[in-house]
Amino acid sequence: MITIEKSKILAVEGKDECNFFDSFFNNFDISGVQIIDFGGKAKFNSKIRDLTKTPGFENVIKMGLVRDSDNVDPKIIFDSINAELSKLGYSQPTSLSEFTNDNPSIGIFIMPNNSDFGVLEDLCLKSVNSTIISCIKNLFECCTAHPKECSKAQVQCYLATCNPLVNSLGLGAHKNHWDFKDIVFEELNEFVMNFN
Amino acid sequence: MKLKNISIKNFRTFKELKVDDFENINLFVGKNNSGKTSLLEAIFLSIGISNPNLALNIDRFRGLIHDESEDFRFIFHDLNYKNNISIELEFVNPIQFRELTIKPTYDNITILKNYSKTTELINSASKPINQQNDGIEYKFSISKNKNNKKDWKTSTLKFKDEGLIVRQPRNYKEELYGIFVRPIFTLIDVYERLDKIIIEKKHLEFIEALKNIDDNIIDITLGGNNMIYFDIGIERRVPVQIMGDGIIRLLTILTAISRAQNGFVIIDEIENGFHYSVLPKLWKIIYNTAEQYNVQIFASTHSIECITAFRDFYSEKLNIADDFRLYRINRFPKDQINLIKYDYQSLESSLESNWEVR
């Protein structure tokens with residue numbers, strides 16, 4: 001059974017995001033953050049409620065909430081999460097990426113960059129050389145059946161070219177297949193620096 | 001009648017505790033010494049609000065036998081007589097408010113200092129230097145409206161040379177009935193309850209329930225010396241002690257629910273004696289029996305298997321009603337208590353994520 005062991009927690013959508021942020025924190029020498037898997041976006045808000053009930057939450061001083069925007073305006077998702085926080089009696093951040101001054105201090109980041117539609121995969125793909133991305137897109141053009149989740153497929157395709165070979169974005173992060181120093185990660189970097 | 005809210009002050013572990021929104025089935029979890037049993041005891045005391053003997057009983061349940069009036073300290077927070085115990089309850093269907101205050105009583109004796117046998121004079125400075133506690137006083141009121149003027153009644157329990165003296169108001173008859181099921185196994189209470197149940201032929205339904213633990217059980221009968229026997233299809237009847245803890249425990253719980261019809265059953269460490277594999281069936285039996293006899297259940301557990309078993313049983317119900325609560329009592333230094341409440345939905349969701357709830 002999972003309990004809250006650390007005073008700083010980051011809640012993310014799934015296992016892949018857990019692996020990604022584990023590497024991201026390590027890359028920027030940030031330690032002492034417990035990454036919590038919400039198991040999908042479908043119940044994201046109710047999982048916030050459940051998380052606040054979990055033993056150890058009373059010791060949490062900083063909580064980050066990260067989810068994908070997909071095809072929804074990030075501002076709408078931000079408002080929805082804030083509404084849940086309000087219902088639970090917690091203060092709400094006034095804007096994306098900003099943390100409240102309350103205890104726990106709470107911040108929200110919506111993938112890929114707090115403004116566009118998309119997912120974590122879109123953010124990572126933006127860090128890849130544009131020539132390579134063009135090649136990947138050409139490959140898909142050559143194929144008769146186009147994948148439904150285009151960015152996830154492109155990530156798989158890109159990872160297939162990396163060494164060592166891994167089969168997920170998060171594991172790719174562990175193997176340094178994403179360049180966290182790239183400027184596209186700057187906004188995310190500013191967000192996670194709040195955990196320092 | 002259903003207990004909905006309770007507020008406790010200066011009782012056992014609790015300096016102050018409020019619990020709201022009780023439902024038909026209420027499960028308490030928390031670390032050791034968090035106050036689970038104390039909360040169950042506070043509920044039990046308040047159900048038998050006129051009976052100060054219960055204050056002795058709850059200590060007996062813990063294996064404490066009082067041999068002097070000072071032992072009443074054990075029910076007071078920090079063992080301190082200075083602050084009276086206060087318990088307030090709110091019931092629904094129908095609405096009823098109960099208030100109970102428990103305070104120590106003192107014998108009217110004066111211990112003089114500076115008393116001289118030789119002069120037989122009492123120094124003018126002599127005064128009572130100590131009060132001798134001789135028992136406890138219950139002051140209670142029951143009303144249909146919280147703001148109505150209270151009609152206070154008093155009961156007392158005192159240790160005297162001639163023995164334990166209980167005084168209860170003659171004009172009060174308790175309408176609520178509750179049974180406390182202890183974690184240890186004793187058969188005397190079960191025997192008495194089973195006697196009445198067999199006379200009313202209600203034991204037949206229990207045999208079906210007991211078959212979930214041992215499907216050889218055919219019948220149950222009472223013998224002399226508080227003995228309970230099972231017919232398991234062999235030549236001789238078998239004493240219940242031979243049948244194992246699970247049978248004894250289930251029999252204890254079922255007879256308690258049956259006898260507490262329209263009342264309350266309080267079960268400390270509900271999982272005691274049961275193999276984890278029978279726990280979902282156990283919950284089904286307890287839930288259905290409590291529903292049948294209109295009994296509100298309050299129970300404590302340490303066991304995650306017990307909690308997940310409830311989830312497993314409940315998730316298979318056709319109609320999921322909002323009639324379950326789980327409360328975790330978190331105790332922190334300096335008398336700080338924090339209570340976390342789960343309904344079925346939030347419990348199910350937390351367990352689905354494999355997040356701890358105890």
Side-chain angles (χ1 to χ4, degrees), chain A residues 1-19 21-22 33-61 63-68 80-81 83-90 102-104 170, chain B residues 17-21 26-36 271 276 279 300-312 315 320 322 324-358:
Chain A
M1 302 297 283
I2 298 165
T3 56
I4 296 175
E5 309 287 348
K6 295 177 179 170
S7 62
K8 298 175 184 177
I9 56 175
L10 181 79
V12 297
E13 277 188 19
K15 190 163 173 47
D16 222 14
E17 283 82 356
C18 284
N19 285 328
F21 276 100
D22 183 47
V33 183
Q34 184 173 351
I35 304 169
I36 310 270
D37 178 0
F38 267 10
K41 64 178 74 62
K43 298 176 183 172
F44 197 88
N45 286 6
S46 64
K47 291 292 179 190
I48 299 172
R49 175 202 65 197
D50 300 338
L51 184 64
T52 63
K53 292 174 185 284
T54 304
F57 188 81
E58 59 279 358
N59 300 320
V60 170
I61 57 169
M63 175 168 72
L65 301 165
V66 178
R67 64 158 284 187
D68 294 336
S80 162
I81 294 173
E84 183 65 26
L85 292 172
S86 172
K87 203 162 76 181
L88 294 169
Y90 295 101
D102 217 338
N103 193 12
Chain B
L17 177 73
K18 287 183 181 175
V19 192
D20 61 6
D21 201 26
N26 304 280
L27 198 52
F28 302 110
V29 297
K31 291 181 179 174
N32 289 119
N33 210 27
S34 60
K36 299 182 294 297
E271 77 279 8
Y276 75 91
L279 288 171
S300 69
T301 184
H302 285 288
S303 157
I304 193 65
E305 287 96 344
C306 181
I307 298 166
T308 53
F310 182 88
R311 185 268 313 268
D312 294 345
S315 63
I320 291 183
D322 183 25
F324 166 79
R325 295 287 181 269
L326 179 139
Y327 299 87
R328 184 177 69 252
I329 306 171
N330 294 325
R331 191 172 176 212
F332 305 107
K334 298 182 182 175
D335 288 333
Q336 294 297 307
I337 299 275
N338 155 263
L339 199 78
I340 303 293
K341 179 174 72 182
Y342 294 80
D343 58 12
Y344 171 71
Q345 302 294 348
S346 54
L347 175 70
E348 203 278 335
S349 179
S350 287
L351 292 176
E352 176 194 67
S353 298
N354 201 31
W355 292 349
E356 184 60 87
V357 297
R358 293 167 297 170

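Residue numbering restarts at 1 for every chain, and letters A, B, ... go by the order of the sequence lines.
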- [ ] Go through the atoms of B:Leu351 and report whether side chain, backbone, both or neither lie under 4.5 Å from a heavy atom of chain A.
- [x] side chain
Task: Residues from residues 328-340 of chain B approaching chain A under 4.5 Å (heavy atoms) - done: B:Arg328, B:Asn330, B:Phe332, B:Ile340
Task: Close contacts, residues 300-307 of chain B versus chain A, judged by heavy atoms under 4.5 Å - done: B:Ile304
Task: Residue pair A:Asp50 / B:Ser349, side-chain donor-acceptor N/O under 3.5 Å - done: yes
- [ ] State the OG-CG distance between B:Ser353 and A:Asp37, to the nearest 0.5 angstrom.
- [x] 7.5 Å
- [ ] Sort A:Leu51 into side chain, backbone, both or neither according to what part of it lies under 4.5 angstrom from a heavy atom of chain B.
- [x] both
Task: For B:Trp355, the option from A:Lys47, A:Met1, A:Lys53 that meets side chain to side chain contact (heavy atoms under 4.5 Å, CB included) - done: A:Lys47
